[in-house]
Amino acid sequence: MNADLLHSIDSPAELRNLTNEQLVELAAQIRMRLIEVTSVNGGHLASSLGAVELILALHRCFDFSTDHLVFDVGHQSYAHKLITGRLDDFDTLRTYGGICGFPRRDESPYDTHEAGHASDSLSIALGLALTRDLNNTDERIVALIGDAALSGGMAFEALNQIGHQGSDLTIVLNDNEMSISHNVGALSLYLGKARLSKPYTKVRDSVESRLNKLGRPGRFLVNAGEAAKASFKKLVVPGMFFEDMGITYVGPIDGHNLLALQAALGATAKVKGPVLLHAVTQKGRGFAPAEQHPDVFHGVGSYDASTGELAVSGGFAPKFTSVFSAALVKEAAVNPNIVAITAAMEDGTGLHAFHEAYPQRFFDVGIAEEHAVALAAGLALGGKLPVVAIYSTFLQRAFDQMVVNVALQEQHVVFCLDRAGLVGEDGPTHHGAFDLAYLRAIPGMRILAPVDAQQLADCLHTALALGGGPVALRYPRGAVAAVAGGGTGAAGGAAVAGGGAPGAAVAGDSGGTPQTLPYAQAVTLREGRDVALLAVGRMVATALEVADLLAADGIAASVYNMLWVKPLDTQAIAAASTAKLVVTLEEGTILGGFGAGVLEELSALAVEAGTPQTPVLTIGLPDAFVPHGDVERLFEDLGLTAGQIHARVRQALDEQPQTTS
Ligand SMILES: Cc1ncc(C[n+]2csc(CCOP(=O)(O)OP(=O)(O)O)c2C)c(N)n1
C-alpha cells in the first residue's frame, strides 16, 4: 500500500523532500481527495484535476511564503488548498463557514488574491511585480492563467503593459483547449496551432528525451539566465506572438510531466523580464467521466464518485435558465432579427438551444463581457435585435458599455441576467447582488424581474417588443418557484391570488403563449390596509408568506409583485403609501436597488402632497459581501426568511407612535 503522502505534508516546503515518484503518487492522492469531496459538495472538479501537477511543480520551484502565486478565476486552486494547510477542513469545501471554492486571503497567507472573475491575474501579478521593483525586494511573482481566461480583454491589456514594463514575472499558461465548453476565438486557434505545429513536436520530443535522461530536475539548462533565454528561443516557433510583445515564450510543454515542468520553471525563473510558460494540460485529468465530459465536470453538483453519474437535483421543476432558453428559441422563430450573444457561457445561460437552432445568429465572444455588450450595440446599430445573456455578476464588467454604447444611443438591446441574487456555494464573487442597483442608475434602462415561468416568457416577449433603448430581465439561479398569483396571466389584467400561471409542467417551456405585459404595471396579489409588502423576484413568494403570518396576528397586508423595477409602478406605490408601513423586499443590495427606488418615489409623493412620508422598511441584501454556502442558510443568516421578516415588520409597527383615530 502507498504511504499517505498527502497527510504527511505539513507545508509546501516539504514537497522539496519528495522524490519524483513520490510526487507522482502525491498527485494521485490529491486527485482522489478532490473526487471524494466534490462528489459530495460539488465544485470545479475538471479544472482542478487538470492543474494538479502545475500546482505541485510551482510549489516545488517557488517559495510562496514569500513569492506570490496569483490564480486566474481561482477555480483550479483545490490542490493548492490541500497542500497549504487546508487538508483537514477540505471536506467543508464550498459549504457555509467552510473552505471557499476560490482563493481567500482570510483562509491562508498562501492565497495572494481573491479571484472568481476571469482574466485579472496578469494585472494583479504585474501590480505585485511593480511593487517589488519599487521596493527593491526580490520576491518572485507567478500568474497561473487558463487559455480561455487569456482571451479576455483584461488579460490582453495586461500583456500589453507587461511587455512594455519588462519586469520579472512568470506567466504559466494552463492550456487545456477548454473554456467551460470548447474554447473559442482566434487566440485559441493560435494556441492550437502552437500545440500541433511540427517544430513543436520535434522540440518537445527532444526536450523530453533530454529531461528523461537527466533524471533530476534542475539540471536542464544549467546556465540559465541569458543563455537559457537563447536556448528557449530555439523552442519558440509557436510563441512568436508573445515574443514579439517582449515576453519570452517557453514551450509548449506537457503540463502533467512533473520533471519537465520543474525543469522549465526552474529555468524560466532565471530569465530576465517577463516569461510565459505554455503548459499543455488535460481538463478533468485522472477521472474518466471528467476527461470525457470536461464541460459537465467544470462546475458540477454532487455525483457518484465511482461512476461519475450526476445526482438529480431540484426534482422536475424547470429552471429559469431552461425557461429562458425555450422562450428565446420560440421568439427567434418568428423574428429573424433576433441574434444572441454569450461570453463563454453558452450552457450556463441556456443559449445552447438557440445556438443549435440558429447557428448563424449566435455569437460566443469568449470571456469578454465588455466586448459582448459593445458588439450588441454594433449589431443593434446595424438593425439587429441582440439578446445578451450574461450572469448578473459578470455583467458588472460591462457597465460602461451598457451606459455609453447602448443606453446613451438608445439601442434596443435585451439583457438577460441569469444568477441574479444569491447563487450559494460559489460565494461573494458570484452572487448577483448588484444588478438592480447598477442597472437602475442607467438612463433609459427598463428592468423586469419575473417570478415564474410564464412571467419570464412574458417579460422576454415584452422586452423584445419594447424598442427605444435597452431592457434587462433578471432572474435567479435554480428552479422556477410556483408562486401563487405570481404570474400575470392574460395580458393587460392584473392577476389576483391564484390567477397566475406558475411553474410549467414541461421542463423549460412556459407552456402558454407569451403575452405583452402592461408597461410599468405591478401585479396586485393581495389587498390589505395595514401594511404594504412590495416585492420583486424570488422575494414575492416570501412576501406572501409574511402576509399570511401577519394575517394570523390580525394585521392585513397588501402584497404587490412589482415586476417592473424600472420604471416603477407609481400608482401601486401611491396606493401602498396609505398603509401604516411600506416594506420592500428584494434579492439584491438595498443600496440603490429596488427598495431605494420605492423610497425615492414615496419621498417625492410626500413632498408633493406636503404630508409626512410613509415609513419604509427596506429588506434585501446588506451593504456587505455575502459569503458562500447553501442559499437557504444564507437567507437565514441575512434575516431574509419569512419568519424573520415578519418579526421585523411587527417590531417596526410596534415602534410606530400610536395615533388616536
Ligand atoms: C468575467 C468572467 N466571466 C465568466 C466567468 C465564468 N467562467 C469561469 S471559469 C471559465 C472558463 C475558464 O477557462 P480557462 O481559463 O481556460 O480555465 P480552465 O477552467 O479550462 O482551467 C469561465 C467562462 C468568470 N469566472 N469570469
Side-chain angles (χ1 to χ4, degrees), residues 51 53-54 57-58 61-62 69-70 72 119 121-123 125-126 129 140-152 154-177 183 185-208 210-211 220-221 223-257 260-281:
E53 284 82 10
L54 281 174
L58 281 165
C61 298
F62 293 80
L69 173 57
V70 182
D72 206 286
S119 313
S121 62
L122 304 188
S123 308
L126 179 59
R140 294 174 302 167
I141 318 291
V142 182
L144 177 59
I145 185 167
D147 52 307
L150 187 68
S151 71
M154 268 186 88
F156 274 93
E157 290 168 31
L159 281 178
N160 187 42
Q161 195 193 350
I162 286 168
H164 166 75
Q165 295 280 162
S167 270
D168 290 352
L169 171 64
T170 302
I171 301 167
V172 178
L173 170 58
N174 172 12
D175 179 7
N176 55 23
E177 298 179 68
N183 201 1
L187 181 72
S188 169
L189 288 179
Y190 176 80
L191 294 175
K193 278 189 203 145
R195 280 190 300 267
L196 296 175
S197 64
K198 257 196 162 165
Y200 147 65
T201 311
K202 271 193 213 142
V203 167
R204 182 192 60 180
D205 290 344
S206 76
V207 169
E208 282 183 0
R210 281 165 67 190
L211 287 170
F220 169 57
L221 297 176
N223 296 318
E226 283 310 304
K229 183 164 178 173
S231 299
F232 288 142
K233 285 261 184 187
K234 291 190 207 129
L235 313 187
V236 163
V237 188
M240 282 315 290
F241 169 74
F242 302 103
E243 287 278 325
D244 285 345
M245 290 184 84
I247 301 168
T248 302
Y249 173 91
V250 181
I253 189 166
D254 176 354
H256 298 297
N257 181 334
L261 279 172
Q262 290 169 77
L265 281 171
T268 55
K270 292 175 186 149
V271 172
K272 284 300 301 160
V275 54
L276 181 141
L277 171 62
H278 183 180
V280 177
T281 60

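Source: prediction; values computed, not measured.
- The distance from atom OG of S151 to atom CZ of F156, rounded to the nearest 0.5 Å, is 6.5 Å.
- For the pair V70/L144, no side-chain contact is recorded, criterion being any heavy-atom separation below 4.5 Å from C-beta on.
- Side-chain contact check for M154 versus S123: some heavy-atom pair is nearer than 4.5 Å.
- Here the shortest heavy-atom pairing between A279 and L54 reads CB-CD2, 3.8 Å.
- Side-chain contact between V275 and L169: absent, with no pair of heavy atoms (C-beta onward) separated by less than 4.5 Å.
- The nearest pair of heavy atoms linking D72 to A149 is OD1-CB, 3.3 Å.
- Taking the side chain as every heavy atom from C-beta outward, L173 and H278 approach each other to under 4.5 Å.
- To the nearest 0.5 Å, the span separating CD1 on I253 from OG1 on T268 amounts to 9.0 Å.
- At a threshold of 4.5 Å between non-hydrogen side-chain atoms, the residues N176 and D147 count as touching.
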Donor-acceptor contacts under 3.5 Å from residues 158-166 side chains, at least two apart:
| residue | atom | partner | partner atom | Å |
| --- | --- | --- | --- | --- |
| Q161 | NE2 | Q165 | OE1 | 2.9 |

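- Shown here for A51 and N174, the closest heavy-atom pair between the two residues is CB-ND2, 4.1 Å.
- Minimum heavy-atom separation, C61 to R140: O-NH2, 3.1 Å.
- A 4.5 Å side-chain heavy-atom check between L122 and I171 finds at least one atom pair inside the cut-off.
- How far CG of L69 is from CD1 of I141: 10.0 Å, rounded to the nearest 0.5 Å.
- Between F242 and Y249, the ring planes lie parallel to each other; the angle is under 30°, not in the 30° to 60° tilted range.
- For D175, the salt bridge (charged side-chain N to carboxylate O under 4.0 Å, His left out) partners are R195, not counting sequence neighbours.
- D168 and K272 are joined by a salt bridge, as a carboxylate oxygen and a charged side-chain nitrogen come within less than 4.0 angstrom of each other.
- Atom CD1 of I145 is separated from atom CG of L276 by 9.0 Å, given to the nearest 0.5 angstrom.
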Open item on the list: Using side-chain contact (heavy atoms from CB on, under 4.5 Å), reason through F62 and V142 one step at a time and then give a plain yes or no.
Closed with: CA-CA 9 Å; F62 293 80; V142 182; 3.5 Å; yes
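- Distance check: E53 CD to L261 CG gives 7.5 Å after rounding to the nearest 0.5 Å.
- Of all non-hydrogen atoms in P274 and G246, the two that sit nearest each other are CG-O, 3.6 Å.
- Within the model, atoms CG of L150 and OG of S121 stand 8.5 Å from one another, a figure rounded to the nearest 0.5 Å.
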